[in-house]
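Comments concern the structure below.
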Amino acid sequence: MYHKEKSIQMKTSASALGNNLSVLRVAPRRLSYFTVVHANLVSMISAAWDGLNYSHRQLQSKEPNVATSTSLIMQAAFCVLPSRDLLVVASQKGIQMYESDGSIMVYWHALDTPEAPIGQAVFARGISAVSENYICVGVSSGQVLVFDVPSKGSNITLSEVLEEHKESITDMASECSGSQECIANMVTADDGGGLCVWKSGEEFQLLNKISGFDMSCSSVKLWKGTVVAGYGTGQIRLYEAVTGILHAEVNAHARWIYSLDIAPFSGLLLSAAEDSLVRVWLLTVTPDTNSVEIAHLHNECVTDTQICGAKFCDGDGYAFAVTGYDLSEIIRYVQS
């Protein structure tokens with residue numbers, strides 16, 4: 001179903017972080033932007049769609065009044081809003097927002113650290129664009145910061161702080177099918193496996209809490225009102241977002257799942273784990289019964305590699321890319 005294409009070389013390797021790959025498709029220029037985190041740097045690669053021509057840029061985590069930052073970056077992700085695209089970088093010290101090509105930093109938010117108990121790490125992790133004008137970022141305290149983003153300029157404001165989680169945020173996602181009928185349009189996950197389902201607005205409304213199993217939910221997606229959650233056990237669970245009903249549970253991998261992604265137009269699901277496997281699944285929704293089914297379609301084994309990021313490169317799932325710990329290349333796969 002998929003075959004391996006020419007890899008994209010990076011100037012650094014990938015850190016062993018969950019969801020350590022983000023992809024932005026720039027259709028007018030026939031380019032894709034890729035970001036991969038390495039320690040306190042974000043490697044950003046601009047590549048032609050055929051993967052043959054590419055250029056590099058490196059972004060560093062920022063700290064106020066410090067020339068060279070040593071704070072580790074936890075995640076970098078592209079956030080696509082109707083009016084603009086931004087690159088958001090979450091680190092131990094704060095949150096940076098850049099124009100999508102990485103050229104200009106438009107906003108910096110420092111994390112409040114004084115209240116953190118001794119020995120407890122402080123960091124931001126979990127990034128998602130939500131609805132028309134919000135970007136949400138999770139923090140280690142369990143809070144979710146909601147930023148109101150104007151259609152242009154740098155007048156970004158922290159509009160709300162959501163405080164339902166008691167453990168560190170691991171990942172979050174917004175409704176990616178483009179369906180307006182879906183009541184729930186954001187899901188947040190934490191280190192204890194807990195999920196919170198939200199409806200955005202001037203004030204975000206909590207619709208549902210799905211309890212965890214004391215096992216971290218490392219990656220989460222939301223598609224057609226269905227929460228797709230990947231866990232440290234290697235399992236994938238499908239929940240109805242608003243009711244929390246469990247539709248399916250799959251023993252998808254032998255090791256910790258590091259990344260999930262969904263191609264919204266086709267319903268293809270990508271899962272990648274520590275067991276060196278990337279798997280492609282098909283999600284189907286039956287409107288009459290509102291049930292969701294998952295079917296396995298394809299396997300790729302990235303030999304001797306601890307996979308830490310996997311993303312589709314387009315909305316149909318025609319191609320996907322993979323990163324691995326200590327690997328200084330982005331491996332690309334395209335449908336045969």
Report yes if the side chains of [X] and [Y] come closer than 4.5 Å at any heavy-atom pair, otherwise no.
X	Y	result
Cys313	Phe34	yes
Leu87	Ser100	no
Thr35	Val89	no
Tyr333	Val302	yes
Ile169	Val139	no
Thr170	Arg125	yes
Lys93	Ser61	no
Ser168	Asp190	no

Return the [atom1] to [atom2] distance between [X] and [Y], rounded to the nearest 0.5 Å.
X	Y	atom1	atom2	value
Trp281	Ile294	CH2	CD1	5.5 Å
Leu327	Met10	CG	CE	6.5 Å
Arg25	Leu31	CZ	CG	10.5 Å

ask   = Can Asn19 and Ser219 be said to form a side chain to side chain donor-acceptor pair (under 3.5 Å), step by step?
value = CA-CA 7 Å; Asn19 307 299; Ser219 193; 2.8 Å; yes
query = Taking Arg332 for the side chain and Ala321 for the main chain, is one N or O donor matched with an acceptor at less than 3.5 Å?
reply = no
ask   = Do any N or O atoms from the side chain of Asn20 and from the backbone of Ser15 form a donor-acceptor pair under 3.5 angstrom?
value = yes
task = Start with the C-alpha gap between Val227 and Val220, add the side-chain angles, then the distance that decides, and say whether side-chain contact (heavy atoms from CB on, under 4.5 Å) holds.
result = CA-CA 7 Å; Val227 174; Val220 70; 3.8 Å; yes
Of all the heavy-atom pairs spanning [X] and [Y], show the shortest one and how long it is.
X	Y	answer
Glu132	Pro82	O-CD, 3.2 Å
Glu164	Cys196	CB-SG, 3.8 Å
Val197	Ala241	CG2-O, 3.5 Å
Ser83	Ser151	OG-CA, 3.3 Å

task = Report the residue from His296, His253, Arg279 that forms a side chain to side chain donor-acceptor pair (under 3.5 Å) with Ser271.
result = His253
remark   = With Arg237 as partner, the option from Leu246, Ile210, Leu195 fulfilling side-chain contact (heavy atoms from CB on, under 4.5 Å) is Leu246
request  = Sort out for me which residue in Thr226, Val130, Asn185 forms a side-chain contact (heavy atoms from CB on, under 4.5 Å) with Glu175.
outcome  = Asn185
key: Derivation and outcome, side-chain contact (heavy atoms from CB on, under 4.5 Å), residues Gln75 and Val37   = CA-CA 7 Å; Gln75 191 181 2; Val37 173; 5.6 Å; no
query = Do Val285 and Leu260 belong together in a cluster built from hydrophobic side chains that touch within less than 4.5 Å?
reply = yes
request  = Say whether Leu283 and Ile257 are linked into one hydrophobic cluster, either directly or through other cluster members, by side-chain heavy-atom distances under 4.5 angstrom.
outcome  = yes
query = Just checking, is any N or O donor in the side chain of His38 or Ser43 under 3.5 Å from an acceptor N or O on the other one?
reply = no
key: Donor-acceptor pair between His56 and Gln58 side chains, under 3.5 angstrom   = no
ask   = According to the interplanar angle, ranging from 0 to 90°, do the rings of Tyr107 and His109 count as parallel (below 30°), tilted (30 to 60°) or perpendicular (above 60°)?
value = parallel
request  = May I have the step-by-step check of side-chain contact (heavy atoms from CB on, under 4.5 Å) for Trp256 and Met215, ending in yes or no?
outcome  = CA-CA 10 Å; Trp256 194 288; Met215 172 50 75; 4.1 Å; yes
message = side-chain contact (heavy atoms from CB on, under 4.5 Å) for Leu282 and Leu268? Distances and angles first, verdict last.
response = CA-CA 5 Å; Leu282 178 64; Leu268 291 177; 4.0 Å; yes
ask   = ring-ring contact (aromatic ring centres under 6.0 Å, His included): which pairs involve residues 195-238, sequence neighbours left out?
value = Tyr134-Phe204
